[in-house]
Amino acid sequence: MISTIIWLVGVVLCIKACLEIWKFNGDTTRRILLIILILITSWVGLAFYYFYGKDHLAEIIK
């Protein structure tokens, strides 16, 4: 039961992060690569995005 809740939270956060990245202006190829990277790395990718990447997204996607 707890593992299902943790998994659902991870899915929701992944979708939210991917949508935020997609709405950002920048190179489409880099945006797609970032989205794929977050989806593949799951919780590690989410931690990177929410703790570091979200503030520096403009520099990463240029």
Side-chain angles (χ1 to χ4, degrees):
M1 179 70 177
I2 296 290
S3 60
T4 304
I5 293 171
I6 292 172
W7 180 78
L8 283 173
V9 168
V11 169
V12 169
L13 288 175
C14 269
I15 292 171
K16 184 180 175 209
C18 292
L19 289 175
E20 288 177 8
I21 291 171
W22 189 252
K23 290 179 184 177
F24 204 85
N25 291 332
D27 186 24
T28 305
T29 306
R30 289 188 182 182
R31 285 188 298 177
I32 292 172
L33 288 174
L34 270 173
I35 289 171
I36 291 171
L37 186 65
I38 286 177
L39 292 174
I40 289 173
T41 58
S42 187
W43 283 102
V44 175
L46 284 173
F48 172 78
Y49 174 73
Y50 282 115
F51 292 127
Y52 177 78
K54 192 172 186 180
D55 297 332
H56 303 328
L57 198 59
E59 299 167 9
I60 296 170
I61 293 183
K62 279 185 184 179

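Side chains included, hydrogens not; waters and symmetry mates left out as well; all remaining heavy atoms used.
Atoms NZ and CG, from K16 and L46 in turn, are 10.5 Å apart once rounded to the nearest 0.5 Å. Atoms SG and CG, from C18 and L39 in turn, are 4.0 Å apart once rounded to the nearest 0.5 Å. The OG1 atom of T41 sits 11.5 Å away from the CD1 atom of I36 when rounded to the nearest 0.5 Å. Remark: I35 CD1 to C14 SG distance equals 11.0 Å, nearest 0.5 Å.
Listed by chain and number, the residues in a side chain to side chain contact (heavy atoms under 4.5 Å, CB included) with T29 are D27, L33 (sequence neighbours excluded). In this structure T28 satisfies the side-chain hydrogen bond (donor to acceptor under 3.5 Å, both in side chains) test together with R31, sequence neighbours excluded.
Two residues are said to be in side-chain contact when any heavy atoms from C-beta on lie closer than 4.5 Å; R30 and F24 fail this criterion.
Two different hydrophobic clusters hold L37 and I32 under the rule that ILVMFWY side chains link at heavy-atom gaps under 4.5 Å. In the hydrophobic cluster analysis, where Ile, Leu, Val, Met, Phe, Trp and Tyr join through side-chain heavy atoms closer than 4.5 angstrom, V44 is grouped apart from Y49. Placement of I40 and Y50 within a single hydrophobic cluster is found when ILVMFWY residues are connected by side-chain heavy-atom separations under 4.5 Å, directly or transitively.
Within the structure, no pair that satisfies the ring-ring contact (aromatic ring centres under 6.0 Å, His included) test touches residues 26-46, not counting sequence neighbours.
Clustering of Ile, Leu, Val, Met, Phe, Trp and Tyr side chains at separations under 4.5 Å leaves V12 isolated, with no partner residue. Through direct or relayed side-chain contacts under 4.5 Å between Ile, Leu, Val, Met, Phe, Trp and Tyr, Y52 connects to F48. L8 belongs to a hydrophobic cluster with W7, V11, I15, L19, counting contacts under 4.5 Å between side-chain heavy atoms of Ile, Leu, Val, Met, Phe, Trp and Tyr, direct or through other members.
Surrounding CG of N25 are at most 12 heavy atoms belonging to other residues, nucleotides or ligands under 6.0 Å away.
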